[in-house]
Q: 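Structure in structure tokens, see below.
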Amino acid sequence: MKPVFVNAFRKFSKTIRILIIGLLLLVFLLIAAMVTAPGIVKNYFNNHGKDFAGRTVHIDKLHYNFFTSTLKIFGFRYFEQNEKDVFVSLDTFMVNLKPLKLLSDEIYVQQLQIVNPMGNFIQNDSVFNFDDLIVFFTETDSTETETESSTSYKLNLNNLEMKNGSVFYTDKAINHTFKIKEVSFVIPQIIWSRLDSSKADIAFELADGGSFEGSLDYNMETSEYDGFVQIEKMAVNTILPYLQEYYKISKVDGTASGTAKFSGSVNNLYNLTISGNFEIDSLGVFDDNNRKVLGLDVGKMVFNPSEIMKEKYLFDSVTLYNPYLYLALEDSLFNFEKMMVETVSQADTMILSESEEYPMEVVLNSLIIDNGLIDFSDQTMRETFNYELSQVAVNMDTMALVDNWVNINASMKLNKRGTLNAKLGVNPSDPMNRIELDYVLTDFQLPDINIYSKHYAGVPILFGDMYYVNKTKIINRQLESNNQLIIRNVEMGRKTGGLYDVPIKLALFILKDINGDIILDIPVRGDLSDPKVRIGAIVWDTFKSFTFKIVASPFKALGSLLGADPKDLEEIAFDYGDTTLTTKQNRSFDLLLDLEKKKPELLTELHYLNDKKLEKTDAASEIANQFFFQKYGKKAKANNKEYLQFLKEETGKDSLVMQDYELLIAPAAMIDSVLQQREKVRMDLTRNYFLAKNDSTNIRIFDYNPEEVLNIGSRPRFEVKYTLAEEEE
């Protein structure tokens, strides 16, 4: 028995040794496979990257821990199409799985870490550097056979972490690269399943300052989602290259913050709803001369739930604190017009359009501007005109494009002294179809516009202030503006040239009442449907016309000052036979003397006018009447028939009119003598009256001027003209 047992034992031992050796060999092979498999996989990826990724892929190292199910990839690079430039890269990728969870239909990631990832995205016109990848993966998906899976896996991602991520976006059209650096975040968990709501949170710092935070909740069962995006203190200079595409801007300062809440359903994109708030701080926009043209301490916007895809924008409020605007008129163009890039075509401009399915709806419940400042500079004249509009405040009611009316209230300080209060009503959908503007301007200092007065009229304004009430309507592009001005204590300097010969100084002196005030009502009318017509030109033309009208016919204004009939100040007429002053003539002379006292700066001139040809006829009649009286002792007017017979006998003529008979009878020398005598009487009566009343009067009397065309057809009279005394010096 013993040999049999020994032999059996020996055979069993040999079998055990073979099994142990085989097991050790198997373990060795498994270990060798575990050791070499990552390298094999890495080499396969590096050599066949185009087959599964569409482009060359390179991995420096790949490790996999079979005991902890941890995969690590080091030095990953995903190249551009040229196989030289890097599209996406990362230093380290680590994922820790729980494979046994697959048995319960769950893909469970215990930890996922990405270190120093980088993405480089390039846009050239409408082409992106990843367009070929979209085509590649789309075609790959379309060649695969779609199979119905009876099992729906649950995706459970935990401890997701990114360290020092970088994103570069380059827009070739404007040659600008937008950078996001040092992106780091930790997401504790994302669950994605048909039975659970999925949630993802993200937060990172922005490269140029500020931070980004976001959250998304998604319900797989209902396909509904909601979340928020929040930006804190993002530098607004990131939009500078895009602004430079349209405007000549050198710099943009400031930070932007905001929160946007959103919700919707992936089954219907039109259900996307967004609400939130936006704030911008310390905004500064500088032109290409590094001049600040726009500024803002704080700007806030709150928007109510809006359906963006349906073009429904509901703004609750827009509030601007301490906004600033520099507005300069340079070479007939404003600075903002000159800042526009000339290459911008009409097609490049943003046009608000309405979709056929969803008409655009815009509603703004409140607009508030608090303590605004406008620096205006007119550089089109010899001297630069600078004017400051400060403490600008605007308050607007609810405005909607579908409405046909909105009211806006505004107030401001004018050069720190005057005050403007205005109320504007306008049709927001068609502003030029209907506008109603009422404003009151008080304590406006006229010397503030001295540069304009000197440039256009050649007259400086020394002092004075103005109260101004304006009521303007534009209906169907027809301008109707009524302007009431009260100018107080205005004094103007000596005229020295000026672009236009507008007698503004004389007009103002004429218009002054007994208190030194000027009260004007100036209506302005115009048709704005004519593209050549501008409101400024209409106002200026109206003002010039009004000024010339006042100077040409000042008698109404002066009559109002003196409480007299304007006709008494317009002319003093004489009858041919006047040898003494009449009551009417005395009254006119007294009014002129009174006017001289009230307006010593006005110089009154009496220009003698007379058609001597007409008066010769009257003088001849007077002489012929004397001849008739001397011969018959009768008056001609009481004996017309005898007088006519007398004229015929004396002239030996027949069939003439009476005036011709009289001219034939009266000697020319006698006629001239009568005319000279009459003219001397008129001049002496006039001069002596003024000297008797005021021996130092400045009222000037001008003799007959044979070259004056106004003599034609005129009876003897003094035409009254008014000029400024200084203009005669």
Q: Treating Ser275 as the side-chain partner and Phe303 as the backbone partner, does any N or O pair qualify as donor plus acceptor under 3.5 Å?
A: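 Checking the backbone N and O of Phe303 against the side chain of Ser275, no donor-acceptor pair under 3.5 Å is found.
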Q: Whether Arg291 engages the ring of Phe286 as a cation-pi pair (distance to the six-membered ring centre under 6.0 angstrom, angle to the ring normal within 45°) should be assessed.
A: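 Here Arg291 fails the 6.0 Å and 45° test against Phe286.
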Q: Is it the case that the side chains of Gln230 and Glu232 hold a donor-acceptor pair, with the cut-off being a distance below 3.5 Å and no angle test?
A: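 Glu232 vs Gln230: donor-acceptor pair found between side chains.
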Q: Decide yes or no on side-chain contact (heavy atoms from CB on, under 4.5 Å) for Tyr247 and Met340, but give the supporting numbers first.
A: CA-CA 4 Å; Tyr247 293 95; Met340 295 182 66; 3.5 Å; yes
Q: Are Phe87 and Phe121, when compared by the centres of their aromatic rings, separated by less than 6.0 Å?
A: yes
Q: Can you find a side-chain donor-acceptor pair between Asn386 and Ser377 that sits under 3.5 Å?
A: yes
Q: Between Ser265 and Asn267, is there a donor-acceptor pair closer than 3.5 Å when you use the side chain of the first and the backbone of the second?
A: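 Yes: the side chain of Ser265 pairs with the backbone of Asn267.
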Q: Quick check against the 3.5 Å criterion: does Asn335 have a side-chain atom that pairs as donor or acceptor with the backbone of Ala328?
A: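 A pair under 3.5 Å: yes.
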Q: Take atom NZ of Lys261 as the centre, draw a 6.0 Å sphere, and report whether it contains more than 12 heavy atoms from other residues, nucleotides or ligands.
A: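 Open.
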Q: Is the shortest heavy-atom distance from the side chain of Thr255 to the side chain of Ile280 under 4.5 Å?
A: no
Q: What verdict does the side-chain contact (heavy atoms from CB on, under 4.5 Å) test give for Tyr225 and Leu272, after you've listed the backbone C-alpha separation in whole Å, the side-chain angles of each residue and the deciding distance to 0.1 Å?
A: CA-CA 9 Å; Tyr225 61 86; Leu272 172 63; 3.6 Å; yes
Q: Decide yes or no for Met396 and Leu364: does some side-chain heavy atom of the first lie under 4.5 Å from some side-chain heavy atom of the second?
A: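 Met396 reaches Leu364 side chain to side chain.
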Q: Can you name the closest pair of heavy atoms from Tyr321 and Leu296 and give their distance?
A: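 Closest approach of Tyr321 to Leu296, heavy atoms only: O-CD1, 3.7 Å.
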Q: Is a donor on one side and an acceptor on the other found under 3.5 Å between the side chain of Asp287 and the backbone of Asn290?
A: yes
Q: Heavy atoms only: give me the nearest Gln244-Val341 pair and the separation to one decimal.
A: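 Residues Gln244 and Val341, closest heavy atoms: O-CG2, 3.6 Å.
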Q: Nearest 0.5 Å, what's the CD1-CZ distance between Ile114 and Phe76?
A: 10.5 Å
Q: Roughly how far, to the nearest 0.5 Å, is CG of Asp288 from NZ of Lys338?
A: 9.5 Å
Q: Side chains of Leu90 and Met118: does their closest heavy-atom pair fall under 4.5 Å?
A: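 Heavy-atom side-chain distance check fails, nothing below 4.5 Å.
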Q: Among side-chain atoms of Tyr324 and Asp375, is any donor-acceptor pair under 3.5 angstrom?
A: yes
Q: Within a strict 4.5 Å, meaning less than it, do heavy atoms of the Asp60 and His58 side chains meet?
A: yes
Q: For the atom pair CD1 (Ile368) and OG1 (Thr319), what is the distance rounded to the nearest 0.5 Å?
A: 4.5 Å
Q: Mark yes or no for whether Glu279, through its side chain, and Gly258, through its backbone, hold a donor-acceptor pair below 3.5 Å.
A: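 Judged by distance alone, no pair lies under 3.5 Å.
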Q: Would you please classify the geometry between the Phe315 ring and the Tyr313 ring as parallel, tilted or perpendicular, with 30° and 60° separating the classes?
A: parallel
Q: Heavy atoms, side chains only, cut-off 4.5 Å: are Glu80 and Asn129 in contact?
A: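 The answer is yes, as the side chains (C-beta and beyond) meet within the 4.5 Å cut-off.
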Q: Check the pair Val302 / Asn365 against side-chain contact (heavy atoms from CB on, under 4.5 Å), numbers first and verdict last.
A: CA-CA 10 Å; Val302 178; Asn365 290 332; over 6 Å; no
Q: Taking all non-hydrogen atoms of both residues into account, name the closest pair between Leu389 and Val392 and its distance.
A: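 So the two residues come closest at O-CG2, 3.7 Å.
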Q: Is there a ring-ring contact (aromatic ring centres under 6.0 Å, His included) between Phe376 and Tyr326 once you walk through the steps?
A: CA-CA 6 Å; Phe376 175 70; Tyr326 173 68; 9.1 Å; no
Q: For Gly299 versus Leu320, what's the shortest heavy-atom pair and its separation?
A: CA-CD2, 4.2 Å
Q: Look at the side chain of Ser257 and the backbone N and O of Lys233, then say whether any donor-acceptor pair between them is shorter than 3.5 Å.
A: yes
Q: Among Asn322, Asp370, Asn371, exactly one meets side chain to side chain contact (heavy atoms under 4.5 Å, CB included) together with Asp297. Which residue is that?
A: Asn322
Q: Decide side-chain contact (heavy atoms from CB on, under 4.5 Å) for Phe336 and Leu294; before the verdict, give the C-alpha distance in whole Å, the side-chain angles of both, and the deciding distance to 0.1 Å.
A: CA-CA 10 Å; Phe336 285 94; Leu294 283 174; 4.1 Å; yes
Q: Check whether Thr380 reaches the backbone of Asp378 with its side chain - one donor and one acceptor, N or O, closer than 3.5 Å.
A: no
Q: So, taking the atom named CZ in Phe278 and the one named CE in Met301, what distance separates them when rounded to the nearest 0.5 Å?
A: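 These two atoms lie 6.5 Å from each other.
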Q: Hey, are the side chains of Thr92 and Asn116 touching, using non-hydrogen atoms and a 4.5 Å cut-off?
A: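 Result no, sub-4.5 Å side-chain heavy-atom pair not found.
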Q: Do Phe79 and Val86 have side chains that approach each other closer than 4.5 Å (heavy atoms only, starting at C-beta)?
A: yes
Q: Could you pull out the closest heavy-atom pair between Ser89 and Arg77, with the gap in Å?
A: CB-CG, 4.0 Å
Q: Compare every heavy atom of Ala410 with every heavy atom of Val394, then report the nearest pair and how far apart it is.
A: CG2-CB, 4.1 Å
Q: Is any side-chain heavy atom of Glu361 less than 4.5 Å from a side-chain heavy atom of Glu311?
A: no
